[in-house]
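Encoded as structure tokens, the structure appears first; notes follow it.
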Number of protein chains: 2
Amino acid sequence: MKSDRSAGKVTLADVGRVANVSAITVSRALRKPEMVSPKLRQRIEEVVAELGYVPDPVARALASDRTDVIGVLIPSVTNSVFADVLRGIYSVVEGSPFSVQFGNTRYSVLEEERLLRIFLSQRPAGLIVSGIDQSEASTALLTQARCPVVQIMETGPAPVDMMVGFSHRDAAHDATRHLIDGGYRRIAFFGARMDPRTQRRLEGYTQAVKDAGLFDESLMITTPRASTVELGCQMLSDLLARTQDVEAIFCNNDDLALGVLFECQRRRIAVPDDIGLCGFNDLEMMAVANPPITSVRTFRQEMGRRAAEMVLMRVAGEEVPEPVVDLRYELMARQSTRACEEGRRRRVP
Amino acid sequence: MKSDRSAGKVTLADVGRVANVSAITVSRALRKPEMVSPKLRQRIEEVVAELGYVPDPVARALASDRTDVIGVLIPSVTNSVFADVLRGIYSVVEGSPFSVQFGNTRYSVLEEERLLRIFLSQRPAGLIVSGIDQSEASTALLTQARCPVVQIMETGPAPVDMMVGFSHRDAAHDATRHLIDGGYRRIAFFGARMDPRTQRRLEGYTQAVKDAGLFDESLMITTPRASTVELGCQMLSDLLARTQDVEAIFCNNDDLALGVLFECQRRRIAVPDDIGLCGFNDLEMMAVANPPITSVRTFRQEMGRRAAEMVLMRVAGEEVPEPVVDLRYELMARQSTRACEEGRRRRVP
DNA sequence: TTGTAAGCGTTATCAA
DNA sequence: TTGATAACGCTTACAA
């Protein structure tokens, strides 16, 4: 008699009993059909269907010391940037026998480390982590991990294993150059959250304005708060309360940019004629705003897709031809940064 | 000698050996400390720390026939509505020994069913599913599930187990009434995706306009496409190409409403004077748009939080005092629906 | 309070 | 090609 713990679950042994073969043969028939004679294979398949056998992933994991779970660590579940990445990952994983498990690090390196330990104890098939700023302990854990690891969202000099991202510094630098080239001189920076990637965007901005001799610390507004549209409104209000001498604003992301746009509309500040405006990420709405807002397009779904593909390839034993990928970015120049023909005039003399 | 399969992993038996106790005592010391004498407990804790023992959740799951994983099935990973729900769930689960695993059903009942089978085979501690429109098979699976189940996002007459949501029909009805009460007569409905919840919003709208004798099928625009801001722009353009006789628009969600607003700005259509505008969900940006947009606030984080709490209570063996919760909604009336003092005039006579 | 023995459902290993 | 046996690391049931 079966123990009552198992609650009537159909096991490999049950299938074997009915099909008159051993459990291990059933296991093989399901995992490596070519190793079982056609005759037996068919009989087993029939019994599996008849009994409604479903393999137990937990038992499989314990016995084989591996799972079909790909662990994904992202800093935020609400940020649409990461939602896009997840969509990319799902698009690849959905067609495979693998599944995805996330962890939400909430932009905390310590939380990331804690989650990493938990995930690793679950024998993941692969691991996808965000960014390149892991703690020393996390880096050690990842290096020792006995599964493929992909760092996403960013590129950097020392990949733990594989990597797919882009340079936030370069992207911000180019966006700032775009404003400078458009004739804007007094260019502000609005930054929220100030996570490592935002920091590097700030560096790119700073470099560009310094190189052009346009650096002015009083034009930088940053906050550790998460970015919202409302925050964009407030930042513009704060800046204008301090100085009217602003010609353009580079926002660390599109939420802020949208807030700036709304606030400009309320204050009858013409975009791009009074103030030029550039966002970051190129959310869908940027292209249809009034006016359309210039932004830096990043390939978020593609990052997720590529990362998942890399993991699957390695799990399948294939070699990944390009284990470090820089996906770049694209400056989507729109009406919000159309510079005047004869150079920018200051808004207030 | 240990088998090489385990790759040097520290086990309960290892800890026991060093601490001079049996493995089961170590197990108890970690799970039910009060059952172990203080002396042994302390010695064991020291050895655990010394050896860096980490419990193996896979082995635990196999032995105890349960996991600490709460399965969550949502229709979309990119829709910010569900992102908010997830945040609520995380806020509760993060402080517990439980973890979350999602599935993305992509608004497909069949995919939901498939995922449900997978999840159930993994002995979840609890299950949170979206909506009340599961397939017959899924409902059967959920009914038989040996774990707590919560349906979220919606309320309905026949909960499988527990439920926390609100009535989309009532919410849409009230929003439409708000427009009618504001003096608007020619009220359009814009709907995207047309999933079951959107359908019920449409029903609420239809009921309200019919009751007021204002029903006009030609004012309803729906599409199976996912909602985007751009789609909102297009829908307005389509509607206006067909008729100028429109006084207000109730959008099935805020993305569409934002698109309508941008398109109105471009066409110099004054909101709310030429056209009244109401969204659904009350995303953060609605309050700071220009003008601020009326929307129906729903308590998405709260839904996630409550659902997770219900699961945890039941897992802990406690009784859930209120297993079916209607969280209601709140109409956030803003400038975009400010009706004229002396009743609405038609925009075009 | 602590320990022994027997699983949990699967797969690795080695033998037939 | 098939099977017997022994893990995998932990917990349940029961005994001391």
Side-chain angles (χ1 to χ4, degrees), chain A residues 1-44 48 51-68 97 120-123 125 146, chain B residues 1-44 48 51-68 97 120-123 125 146:
Chain A
M1 200 180 76
K2 300 186 64 164
S3 143
D4 57 345
R5 263 214 265 166
S6 58
K9 177 177 234 179
V10 178
T11 70
L12 275 183
D14 296 331
V15 176
R17 211 167 297 126
V18 175
N20 268 311
V21 294
S22 70
I24 185 67
T25 303
V26 179
S27 173
R28 280 199 277 253
L30 295 172
R31 286 178 303 131
K32 305 169 184 171
E34 71 283 2
M35 286 184 66
V36 175
S37 67
K39 207 181 107 195
L40 272 191
R41 199 191 311 161
Q42 197 196 330
R43 176 145 39 106
I44 289 169
V48 162
L51 265 47
Y53 168 76
V54 179
D56 184 335
V58 172
R60 170 175 290 175
L62 184 61
S64 65
D65 200 36
R66 42 178 245 87
T67 64
D68 292 342
L120 283 169
S121 75
Q122 319 221 31
R123 312 165 171 76
R146 299 186 308 151
Chain B
M1 199 180 75
K2 299 187 63 161
S3 144
D4 57 344
R5 262 212 263 168
S6 60
K9 175 178 238 182
V10 178
T11 69
L12 274 186
D14 295 332
V15 177
R17 211 167 295 126
V18 175
N20 266 313
V21 294
S22 69
I24 185 65
T25 304
V26 180
S27 172
R28 280 199 276 254
L30 296 172
R31 286 178 302 130
K32 305 170 184 171
E34 70 283 1
M35 286 184 65
V36 175
S37 67
K39 206 181 109 195
L40 273 191
R41 201 190 311 162
Q42 197 196 329
R43 176 143 41 103
I44 289 170
V48 163
L51 264 46
Y53 168 75
V54 179
D56 184 335
V58 172
R60 169 177 291 176
L62 185 60
S64 64
D65 198 36
R66 41 179 239 85
T67 63
D68 291 344
L120 282 169
S121 76
Q122 318 220 31
R123 309 166 173 73
R146 300 186 310 148

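Residue numbers start from 1 in every chain, and the chains themselves are labelled A, B, ... in the order their sequence lines are given, proteins ahead of strands. Computed over heavy atoms, backbone and side chain alike; hydrogens, waters and symmetry mates excluded. What you are looking at is a predicted structure, and each value in this text was computed from that prediction instead of being measured.
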Rounded to whole Å, CG of A:L30 lies from C1' of C:dG9 at a distance of 13 Å
Whole-Å distance, B:R41 CZ to C:dT1 P, equals 9 Å
dist A:R123:CZ -> B:D56:CG (nearest 0.5 Å) comes out at 4.0 Å
From the candidates D:dT2, D:dC8, C:dT11, the one with an atom nearest any side-chain atom of A:L12 is C:dT11
Quick note, B:S22 side chain, CB onward, closest among C:dG3, D:dC8, C:dT10 is C:dG3
Practice item. Would you mind classifying the nucleic acid contact of B:V58 as base, sugar-phosphate or nothing, using non-hydrogen atoms under 4.0 angstrom? Key: nothing
A:R123 atom CZ is separated from C:dA12 atom P, nearest whole Å, by 13 Å
Separation of C:dG9 atom C1' from B:R66 atom CZ, nearest Å, is 18 Å
Discussion item. Run B:I44 and B:V48 through side chain to side chain contact (heavy atoms under 4.5 Å, CB included) and show every step you take.
Written reply: CA-CA 6 Å; B:I44 289 170; B:V48 163; 4.1 Å; yes
Rounded to whole Å, the CZ-C1' distance (A:R60 to C:dC8) equals 16 Å
A:K32 NZ to D:dG3 P, in whole Å, measures 16 Å
Whole-Å distance, B:M35 CE to C:dT2 P, equals 10 Å
Among the nucleotides D:dT2, D:dG9, C:dA12, whichever has the atom closest to the side chain of A:L40 is D:dT2
So what does A:P55 touch, heavy atoms closer than 4.0 Å: a base, only the sugar-phosphate, or nothing? sugar-phosphate
Could you tell me whether the phosphate oxygens of C:dT11, OP1 or OP2, come under 4.0 Å of any side-chain nitrogen or oxygen in A:R28? no
Taking the side chain as every heavy atom from C-beta outward, state whether B:L30 and B:V26 have any pair of such atoms under 4.5 Å apart. yes
Separation of C:dT10 atom C1' from A:Y53 atom OH, nearest Å, is 7 Å
* Asked: Are any of B:S27's side-chain N or O atoms less than 4.0 Å away from OP1 or OP2 of D:dC10?
  -> no
Out of D:dT12, D:dG9, C:dT2, minimum distance to the side chain of B:T25 belongs to C:dT2
Heavy-atom closest pair (B:V10 atom, B:Y53 atom, distance to 0.1 Å) is O-CD1, 3.3 Å
Per atom distances to the A:S37 side chain, the nearest of C:dT2, D:dT2, C:dT10 is D:dT2
message: Does this structure show an ion pair linking A:K9 with B:D65, if we count only N-O contacts that are shorter than 4.0 Å?
response: no
B:I24 has its side chain closest, among D:dT2, C:dG3, C:dG7, to C:dG3
